[in-house]
Each structure stands twice: as structure tokens, then as C-alpha cells.
Amino acid sequence: MLDLRWIRENPDAFDAALLRRGAEPLSAVVVELDESRRKLQTELQTAQARRNEAAKAIGKAKAAGEDADALIREVSDLKASVQEMEASERDMAARMDDLLAGIPNVLKDDVPDGADEDDNVEVRRFGDVPSFDFEPKEHYELGEALGMMDFETAAKLSGSRFVVTSGQIARMERALAAFMMDVHTEEKGYLEVSPPVMVRDHALFGTGQLPKFEEDLYKVDTGSYMIPTAEVPLTNLVRDSILSEEELPRRFTAHTLCFRSEAGSAGKDTAGMLRQHQFAKVEMVSITTPETSNEEHERMTGCAEDILQRLGLPYRVMVLCAGDTGFGARKTYDIEVWLPGQDRYREISSCSVCGDFQARRMKARYRPDGEKGTRFVHTLNGSGLAVGRTLIAVMENYQQADGSIVVPEVLRPYMGGLEKITK
RNA sequence: GGAGGGAUGGCUGAGCGGUUUAAAGCGGCGGUCUUGAAAACCGUUGUAGGGCAACCUACCGGGGGUUCGAAUCCCUCUCCCUCCGCCA
């Protein structure tokens, strides 16, 4: 949610920000609604003041045993118009809320222009793309050959975009999550959190998934939703609260399942477990002051990169262009891991700085030292990493000619010392 | 599923038809004192709109109603809690 006062005072900058995202200008609509609402509010308050004054005089007159009929008649007459104005004012406020709730965040100046993912800009690369003296396979070919990845059975149970893993592949997914969580909590200062994966609508409104992107979510019949990412519960941990400056930054991490309907992705990545309705992810969320959010963004991205480096997986970091940056983000880095089976880089993490956009939606504030009032905190979120996709990357990058998979050094303690997954 | 209780300013919590411009305590901010800190004492303390200065108005979970007048009475919705039942 953007600051209405900022829009009012910077209508041109507001329209320019929308234009960068390929959206139509809205300042005229917003400013007009805002002005008429405030004008009505003033009229309403004038009428209310007169009503209160008269009502008070009635009380006094009655107490003194005097006649108050004239005053009573005046207040009666005011009643209808006050009620009408109240209803109208409420309606305008609701329209303004709806309007603002659907407007995307303002991009940072250093976000490159562009329409879609083809315009994203590579920032850096790590690791050498491995060369094989055989034709590298895709993860599902490897997994099915090992007998540890079963898409057909999963389809019988749950439909498309599900998988059943078993044996050492299932264990490796668990090992990956445990490894990531240990690094973040023991070395990076994140607090381990085990949050609900089912949340109410207001939590999703807070992080920006609602009201605009409901079709991407699974809704259960009690009206709650399954989380599409642990960003939702972790960021909402500070909703409706006022933190002190000393307790910032707050850093949370969680290993959870995530659920996505993949409504707009029909036909995309249908093979394998790259794009599933249900997947595990380790998420990082930071709550910071406005002054430190940008450096926190770099730090968080580094935390995700560190996982890939320790796993020995080659990757590149992309900064998303204006057209590809998500609704609530001011700037996003995608980390793309090299998948030999696909012979290309694929997204494995996305780290975003949201400024006060989510904080305003969920009323998350802090009290700056030495200042009287409160300010909205800044929020950031990033995957560290998508566990299912990391499993894919390990399988494809560590595959051997015979279809076995070498277990990366750092994972072996989590897998009972196992060095290689074989049939 | 059954039966109750509750929602007041950053927090706790009074108020239950017009003397409330919403007590009081805590916290926050400023000050006195102190080498510094603590304690104590004094002052101050939200959001929004309008004049844009002292001021005025609205806001006691949301909406509706009763009334000349509602934080206070009635209806309704949402949420929270307690007990019983069932259950991991």
C-alpha cells in the first residue's frame, strides 16, 4: 500500500512509477477521490459540530427547567443530512481503500527498465558450469531410474504437479532443508520459526497476495488459505505491533511446505518436480529500519548464495527488470541455478526488498530512538532456498554416468555419511 | 458440536445515556537532580480532516437501530478467550 499523502503531493512521480510497471496513470483518479472525500469530511464535521453544540445546549436547558423545543427541532432536521454524509463518506473511504490496495509498489531507481524476464539483468555469476563426458539427464529421469521418484503414483493420489519421492532422494530433500536451516540459524542470525501454513485473508492482504492474486492460492472451506510461501506468516509476525529500534533488525527463517495453484502456468514445466502444487521451501524474512533495508537486501541475497556455494552449485544472480518485479517489491534479485539436464539456469531463489509497502498494509511500526512518533518498518523476504529445486539441482549437477548421484560434502553429515546415491 | 465471557488510546484497565475536552497506572518523550546511570519529582504523550498559528471536528472492533444526544441501550457481523464434548 502506498502512502496516500505521498501520492497527493507527488502525483507526477506516482504516475511515472506506474508507467515503469506498464500500468496506466492513476493520479487523477486518486487525487480527485481524495479531494472530494476530504471536502465532504469537512462539511460533515461542520454539521456534526453544530449538532453536538445544540445537543449540549438541550441538556443544559433541560437541567435548568427551560424550554428546549426549538433546539430539539433543529437537531432533528440535521440528523438526516448528517447520516447521509456519513454514509457517503464511508463509501468514498472504502473506494479509496480498494483503489490503493490494488496499486503495486514503487520500484527503486536502480531497477532496470524492461517488459518481462528477457529484460532482467545479470549481476554476477558463481561457479563453473560442469562438463560431462556423457549426456547429462534431467532430474526426473535420474529419479525414476533410481526408483525413488514416482510421478505416476502421485498423479493417481493427487493429480498432476505432484511427486512421491522415497529412499535416499526423500532423505536428501530433508537433509537439504536441515542444512539450510542450520546455516541460517547458527551462522546468519535468523530465528527459527515453525509457523502455521494455513492463514486468514488479512495475513495475505498484509503481504500483498490479496486481493489481487487470489486465483494463485488454495482456499479451504473455512475461508482460510494455504500459504504460497512462508513469507506470509513470517512477515505477519510483526503485524499490528510497534517495535523498539533496538530490536531491529529481526530476522526469521522457516522451513515449510508451500501451496500454489499455478493458475496461469498451464503447460509450463509439466515434466518433473520443478513446478509443483506443493513444495518445500526455506524462507528468510527481515524486519528492518528504513535506513538499513537496502544493505539487508544484499545481505539476505548473500545468505541464499552461500547455501549454493557450499553445495557447489553454479548459479547467477539476476536483478529483475521493472516489468518482472512482483507487486509488493521495490527491487528483486533472482538467483538462478545451473541445471545440466535442461542446459540452462533456472530460478531457485527470489530476494525482495519491499520498503514500507507491506508494513503499511499490516500496520507494522517501530519507534525510532529519540523521536516522538512511530514509523513503518521495512520488510524483506527471500528464499534460502527452494528445497525441491535445490534437490533437482544437486541431482543434475552431481549425476554420474551410471545414473548414481554423488552426495555433496556438506550434506553427508545429514545423510548418515552416505557418499553416493545408487540404485 | 454445546454453554458462557469479552473487544476502550503503545500496553494494562476504569467508565455503562448529557459535567468525558475518555480516569488511573505502566511505557515513551522532554526536564530537574547526578561525574554518569538508576531512583525520585515535574511536564508531556494517539490517528485523521480543516484552518494549515493558539484552535475546531471525527475516531472507544465493523455495520445498523433507539434517542434531541450513545463508549454507555438494542440488533447484527467479525475476531479473541474460558469450560464441556470429540480428536491429532
Side-chain angles (χ1 to χ4, degrees), chain A residues 1-9 30-101 194 196-206 210-211 219-225 233 236-248 250 257 287 289 356 359-377:
Chain A
M1 193 102 83
L2 299 182
D3 183 6
L4 178 56
R5 190 175 297 178
W6 178 80
I7 297 176
R8 186 192 299 159
E9 287 165 7
V30 174
V31 168
E32 195 200 313
L33 180 56
D34 180 47
E35 274 174 6
S36 50
R37 187 179 78 88
R38 278 154 58 214
K39 191 174 164 228
L40 176 66
Q41 201 170 8
T42 306
E43 283 175 41
L44 169 64
Q45 289 180 353
T46 308
Q48 283 170 325
R50 200 157 59 225
R51 182 198 60 189
N52 292 349
E53 197 181 3
K56 223 168 247 180
I58 291 169
K60 241 177 232 166
K62 285 201 165 176
E66 294 164 7
D67 176 56
D69 289 354
L71 283 167
I72 289 173
R73 219 173 305 119
E74 187 195 339
V75 175
S76 296
D77 292 344
L78 269 174
K79 189 180 175 176
S81 65
V82 166
Q83 275 187 335
E84 196 179 310
M85 282 191 278
E86 279 175 345
S88 177
E89 199 276 336
R90 213 164 27 240
D91 176 61
M92 284 186 188
R95 264 159 55 206
M96 181 62 89
D97 284 345
D98 290 348
L99 187 57
L100 290 178
S194 180
V197 296
M198 208 169 86
V199 296
R200 288 191 195 284
D201 53 1
H202 66 253
L204 289 151
F205 179 89
L210 288 179
K219 189 176 190 173
V220 301
D221 66 5
T222 53
S224 293
Y225 298 81
N236 276 282
L237 248 26
V238 297
R239 73 174 296 113
D240 290 324
S241 61
I242 299 180
L243 306 168
S244 64
E245 184 162 355
E246 303 87 77
E247 50 191 326
L248 297 177
R250 300 212 63 183
L257 288 175
I287 313 296
T289 63
D356 61 9
R360 185 170 283 111
R361 285 174 162 252
M362 66 176 82
K363 294 190 175 52
R365 293 164 291 174
Y366 79 104
R367 208 181 289 284
D369 289 338
E371 275 184 40
K372 278 205 157 183
T374 58
R375 292 158 73 187
F376 288 110
V377 298

Pairwise [atom1] distance for [N] and [M], with rounding to whole Å:
{"N": "A70(B)", "M": "G62(B)", "atom1": "P", "result": "15 Å"}
{"N": "G25(B)", "M": "C41(B)", "atom1": "P", "result": "11 Å"}
{"N": "C16(B)", "M": "C74(B)", "atom1": "P", "result": "14 Å"}
{"N": "A7(B)", "M": "C77(B)", "atom1": "C1'", "result": "14 Å"}
{"N": "C73(B)", "M": "C11(B)", "atom1": "C1'", "result": "30 Å"}
{"N": "G13(B)", "M": "U57(B)", "atom1": "C1'", "result": "27 Å"}
{"N": "U21(B)", "M": "C55(B)", "atom1": "C1'", "result": "13 Å"}
{"N": "A14(B)", "M": "C52(B)", "atom1": "P", "result": "43 Å"}

Practice item. For the side chain of R200(A), starting at C-beta, report the closest nucleotide among G10(B), A48(B), C80(B). Key: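 Comparing G10(B), A48(B), C80(B) against the side chain of R200(A), the answer is C80(B).
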For residues [X] and [Y], report the shortest heavy-atom separation together with the two atoms involved.
{"X": "E245(A)", "Y": "P368(A)", "result": "OE1-CA, 3.3 Å"}
{"X": "H202(A)", "Y": "N236(A)", "result": "O-OD1, 4.5 Å"}
{"X": "K363(A)", "Y": "F376(A)", "result": "CA-CE2, 4.3 Å"}

Practice item. State, with a plain yes or no, whether a side-chain heavy atom of K39(A) is found less than 4.5 Å away from one of E35(A). Key: no
N/O (side chain, [X]) to phosphate O (OP1/OP2, [N]) under 4.0 Å:
{"X": "R365(A)", "N": "G10(B)", "answer": "no"}
{"X": "R360(A)", "N": "U47(B)", "answer": "no"}
{"X": "R90(A)", "N": "C59(B)", "answer": "no"}

**Study point:** Close approaches to RNA chain B from residues 31-42 of chain A, in residue order (heavy atom, under 4.0 Å)
**Key:**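 Per residue number, the list reads R38(A), Q41(A), T42(A).
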Practice item. Find the runs of at least 3 consecutive base pairs, i with j, i+1 with j-1 and so on, that include RNA chain B, using Watson-Crick or G-U wobble geometry with both distances under 3.5 Å. Key: B:1-7 with B:78-84, B:10-12 with B:24-26, B:27-32 with B:40-45, B:46-50 with B:55-59, B:61-65 with B:73-77
Point to revise | Atom pair distance, as rounded to whole Å: CG in D240(A) and C1' in C79(B) | key: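 To the nearest whole Å, that distance equals 12 Å.
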